[in-house]
Amino acid sequence: MKGKIKTSPTPDDKADAFSAKPLSPEEIEAALAKAFGQKIQQSQVINKELAIWVSAENLLEVCTFLKESELAFNHPRCLCGVDRGECLEIVYHLCSITRKHKITVKVKIPREKPKVPSLYPVFKGADWHERETAEMLGITFTGHPDPRHLLLREDFEGFPLRKDFLLSNQS
Amino acid sequence: MAIKTTQFLNMGPQHPSTHGVFRMMLELDGERVVMCQPHLGYLHRGIEKLAETRTYPQIIALTDRLHYANAFQNELTYCLAVESLLGIEVPKRAQYIRVMMAELSRMQNHMIFFGALGMDLGALTPFFYSFKDRETILDFMEEISGARLTFNYFRIGGVKEDLPEGILDRIVAFTQRLPKIVDEYEALLSGNEIFLSRMKGISVLSKELAVNLGITGPILRSTGIEYDIRKAEPYSSYEDFEFSVPVGTKGDNLDRYNLRLQEMRESNKIVRQAAERMPDGEICAKVPKVIKIDGEGYFRTETSVGEQGVYIIGAGDKTPYRIKFRSPAFVNLQILQYVLPGVLVADVIATFSTVDICMGEVDR
Amino acid sequence: MVSIGIQFLVAIGMLVGLLIILLSSMWLERKALAHFQYRLGPMRTGYHGLLQPIADAMKMVVKEMSIPSGVDYIIYTAAPFVVFIPAFMVMAAIPFTSTIKAANLNMGIFYVMAVLSISTVGYMMAGWSSHNKYSLLGCMRSIGQFVSYELPMGLSALAVIMMAGTMNLNNIANAQGCTWNIFNWYIFKQPLAFIIFFIALNAEICRVPFDLPEAESELVAGFHVEYSGMRFALLLMAEYIGLFTLCSICTTMFLGGWYGPVLPGLVWFFIKTFSLIFILFWTRSTLPRVRADQLMSLGWKILLPAALVNVVITGLLIMLKIY
């Protein structure tokens with residue numbers, strides 16, 4: 001076989017990649033409560049994974065802690081926005097490549113002036129996800145380096161994923 | 001007045017080598033790229049918004065159109081997500097059929113990658129060889145599901161129909177031929193001096209940047225991080241199968257290419273094991289006539305491009321409140337902005353080919 | 001008066017013959033490429049696609065010659081001719097047999113080298129006047145490529161000239177000429193020169209692996225992206241004519257021209273030339289394309305020193321009376 005490709009598992013790979021074991025949701029919850037206390041507004045275990053709610057002001061601080069601390073949530077999985085009716089909600093799915101555990105961070109923001117700090121300084125992968133969420137739901141990500149439209153054309157009016165934007169087959 | 005030494009070149013939506021409609025604005029200094037700015041959205045169809053008006057079984061047909069070159073894997077992710085939220089146990093035979101079809105899908109997607117990469121580099125012949133072998137796989141898929149590109153074969157709880165008579169023997173015969181086919185592909189391109197000098201050491205992606213960007217799949221594994229969801233969080237009976245996960249070392253174009261060829265061999269092993277050990281039994285579990293989901297969940301699988309995720313929020317209706325498709329090609333395409341500055345125009349095409357995207361999934 | 005008439009007829013005959021050769025090499029290329037790629041190629045137009053080149057020619061003649069706005073019209077129109085005419089002019093120096101030739105030039109190879117360089121200007125005119133960034137990139141690459149590969153080509157031809165003692169292509173073929181002894185051919189006495197000349201020939205006519213100026217998958221047809229219809233047909237014909245004429249020069253210099261047993265000289269000439277052309281089709285279907293900087297380093301760092309060394313060694317051997 002040409003090319004130097006190793007196939008797993010090899011002894012040294014196993015040792016350094018997954019040496020730290022995954023934490024259970026309760027342990028992660030306890031670690032976050034110890035670090036932030038009241039700043040975590042709410043936490044719940046959904047489908048065996050931890051979901052926490054934070055406010056928009058504390059988002060950057062919490063995410064930086066999640067990434068830099070020994071919890072090691074270094075992989076941004078997904079970022080989406082949901083129109084919850086009375087407010088808009090942004091859902092961040094983070095996971096840890098090295099420790100194999102996951103967490104969901106949710107931020108609720110008001111509908112009238114939806115503003116959230118951009119997660120780009122912490123995770124570069126939030127770049128395009130935030131652009132898409134911004135154009136689909138009308139959310140402003142402050143501090144985003146390039147807030148142009150991504151999927152829609154530049155002069156598109158309206159926010160498609162909001163519930164008041166109706167398709168032609170909806171009443 | 002300073003003289004501007006750079007020019008903007010638009011590798012527009014219509015270009016022989018951007019796979020699908022994709023636009024790249026390149027700032028070139030002679031032939032060297034200074035800056036790259038991708039522009040997406042030419043194939044945006046609003047699948048997430050459309051899914052909010054369709055019932056859960058109807059959305060399977062929409063998921064086919066995400067990454068239309070390996071549609072089985074998209075269907076698998078979505079069906080598994082709905083089943084995990086409903087708590088449905090899929091019968092073993094259906095799970096094995098699903099795994100077999102998903103891995104066949106992965107193999108033919110890598111064959112497209114191989115052929116298209118050769119063509120982008122100027123070698124015209126590998127394209128025809130790989131597409132000829134891909135026809136055999138597509139014939140199997142057509143016999144089993146009735147279609148060649150968008151199948152609509154998986155159902156919530158299992159699959160639509162049982163396998164036809166005698167197909168498993170033919171699939172096993174094909175899996176015995178495949179190692180020689182991949183050897184032929186390697187003989188065509190892998191040892192070629194010109195090919196190696198165009199792929200080795202080009203567009204190196206570092207581990208830290210890959211993890212920070214959220215890259216998954218063959219691109220992440222080529223940087224040296226061994227992370228495959230089929231091994232880390234097995235789903236749909238993947239734990240029953242013996243296969244290994246190839247890992248690269250340097251993260252350049254050549255590693256990504258070799259890794260995908262090696263993955264074809266491993267998928268071949270899975271298909272053979274599934275076909276030889278196919279259990280008898282039912283092909284679909286009992287699901288309620290009208291599927292209503294209350295709650296939310298994020299489910300992920302490993303497709304041939306990376307981690308595909310489906311995040312469903314249900315509000316107790318027969319249509320979902322919100323569906324988010326986390327498509328791996330969308331995330332993986334972000335590496336172009338970081339990896340292309342400094343390479344030549346010819347390398348832009350080679351790098352873009354090794355990222356191996358499908359615009360249906362990027363734009364949704 | 002009569003002799004001028006006969007010469008005129010011979011000239012017309014050669015042009016018509018060249019056109020037929022052009023059409024047949026187009027057919028041969030499509031069939032060879034198809035069979036390498038596990039498919040059949042043209043089958044419907046005529047028996048096994050033999051009329052396909054005629055169909056292609058008819059299509060190109062009737063196609064609209066659309067001109068984009070902003071082109072420099074005079075240079076744009078003149079460029080295909082500047083590319084096409086030198087390719088035809090080279091044919092004047094080629095001896096098909098000892099009797100069939102257009103002109104017995106005493107400076108045969110020198111004339112060929114000089115005329116070939118003119119088409120470089122044509123490529124540049126085509127690329128620049130098209131008012132298109134892709135064609136600009138294509139023409140910049142082509143200038144670098146042509147200039148880099150003319151030197152190895154000339155130096156490897158120099159080795160042959162030193163051995164034959166003349167630049168006249170007719171006499172070079174005669175110097176190798178012997179009906180049965182093929183080891184007299186210069187390909188056996190100068191293998192390095194043959195390899196260098198063949199690679200440089202490949203680069204001079206822009207064929208894969210050196211088809212950077214018109215790299216389809218990168219530059220969307222490169223320097224001729226804005227040409228259509230008859231103008232494009234001229235550029236395409238220039239490529240095929242160049243293919244044939246350069247391969248026939250190579251045959252004359254290294255493979256003994258028209259000499260061979262049993263069959264008439266003309267038949268041997270075409271057999272040898274078309275074998276070389278077939279090898280070029282073979283490499284086209286097999287190899288990927290080199291990158292621009294790799295092409296330059298191949299030309300300047302590998303082929304040119306090799307050609308110089310070859311000339312020095314040839315000189316030494318001639319001096320020692322071995323050759």
Side-chain angles (χ1 to χ4, degrees), chain B residues 6-19 25-28 30-33 115-133 135 184 187-200 202 257 343-353, chain C residues 29-30 32-41 127-128 131-145 199 202-203 206-222 225 281-298 301-302:
Chain B
T6 59
Q7 62 168 350
F8 278 97
L9 183 70
N10 190 27
M11 291 207 150
Q14 297 135 329
H15 193 274
S17 295
T18 57
H19 300 176
M25 282 282 283
L26 298 171
E27 190 178 350
L28 298 177
E31 276 220 10
R32 211 159 272 278
V33 174
L117 177 68
M119 187 160 259
D120 287 342
L121 289 182
L124 307 166
T125 317
F127 181 80
F128 292 95
Y129 281 71
S130 72
F131 269 65
K132 174 182 74 79
D133 299 315
E135 284 300 311
E184 194 183 43
L188 273 175
L189 268 190
S190 301
N192 191 319
E193 270 293 322
I194 301 177
F195 178 77
L196 285 176
S197 61
R198 280 198 68 176
M199 300 276 276
K200 213 174 199 178
I202 308 286
Y257 161 80
V343 302
L344 298 175
V345 171
D347 298 324
V348 169
I349 301 294
T351 309
F352 184 73
S353 216
Chain C
E29 165 156 47
R30 291 184 66 160
L33 225 56
H35 282 276
F36 278 122
Q37 289 163 358
Y38 216 83
R39 56 189 177 95
L40 288 173
W128 181 263
H131 198 241
N132 185 331
K133 282 178 191 154
Y134 283 117
S135 55
L136 187 69
L137 272 177
C139 88
M140 288 298 148
R141 286 176 172 185
S142 74
I143 297 171
Q145 180 173 322
I199 298 177
N202 213 347
C206 295
R207 291 202 72 93
V208 177
F210 303 112
D211 71 340
L212 272 74
E214 49 169 70
E216 279 142 31
S217 49
E218 295 163 28
L219 299 181
V220 201
V225 67
F281 294 157
W282 195 352
T283 52
R284 177 181 182 184
S285 71
T286 323
L287 297 175
R289 193 179 296 126
V290 296
R291 218 171 53 197
D293 59 327
Q294 291 165 356
L295 177 140
M296 304 290 238
S297 38
L298 181 69
K301 291 192 207 166
I302 301 180

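In the text below, chain A, chain B and the rest are named by the order of the sequence lines, each starting its count at 1.
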Heaviest contributor of heavy-atom pairs below 4.5 Å to chain B, chosen from C:Met140, C:Arg291, C:Arg39, is C:Arg291
Nearest 0.5 angstrom please: [X] [atom1] to [Y] [atom2], how far?
X: C:Thr286; Y: B:Leu124; atom1: OG1; atom2: CG; value: 9.5 Å
X: B:Leu188; Y: C:Leu287; atom1: CG; atom2: CG; value: 11.0 Å
X: B:Leu28; Y: C:Leu136; atom1: CG; atom2: CG; value: 10.5 Å

Bottom line for B:Leu117: the part with an atom under 4.5 Å from chain C's heavy atoms is neither
Applying a strict 4.5 Å limit to non-hydrogen atoms, the region of B:Phe127 in contact with chain C is neither
Exercise. For B:Glu193, does the CD atom sit with more than 12 other heavy atoms under 6.0 Å from it, leaving out its own atoms?
Worked result: no
* Is the count of non-hydrogen atoms from other residues, nucleotides or ligands lying under 6.0 Å from C:His131 atom NE2 greater than 12? -> no
If you compare all heavy atoms of [X] against all heavy atoms of [Y], which two are closest, and at what distance to 0.1 Å?
X: C:Gln37; Y: B:Thr125; answer: CG-CG2, 3.7 Å
X: C:Phe36; Y: B:Tyr129; answer: O-OH, 3.3 Å
X: B:Ile194; Y: C:Pro209; answer: CD1-CB, 3.8 Å

Q.
Using modelled atom types and a 3.5 Å cut-off, is there a donor and acceptor pairing between side-chain atoms of C:Gln294 and backbone atoms of B:Ser197?
A. yes
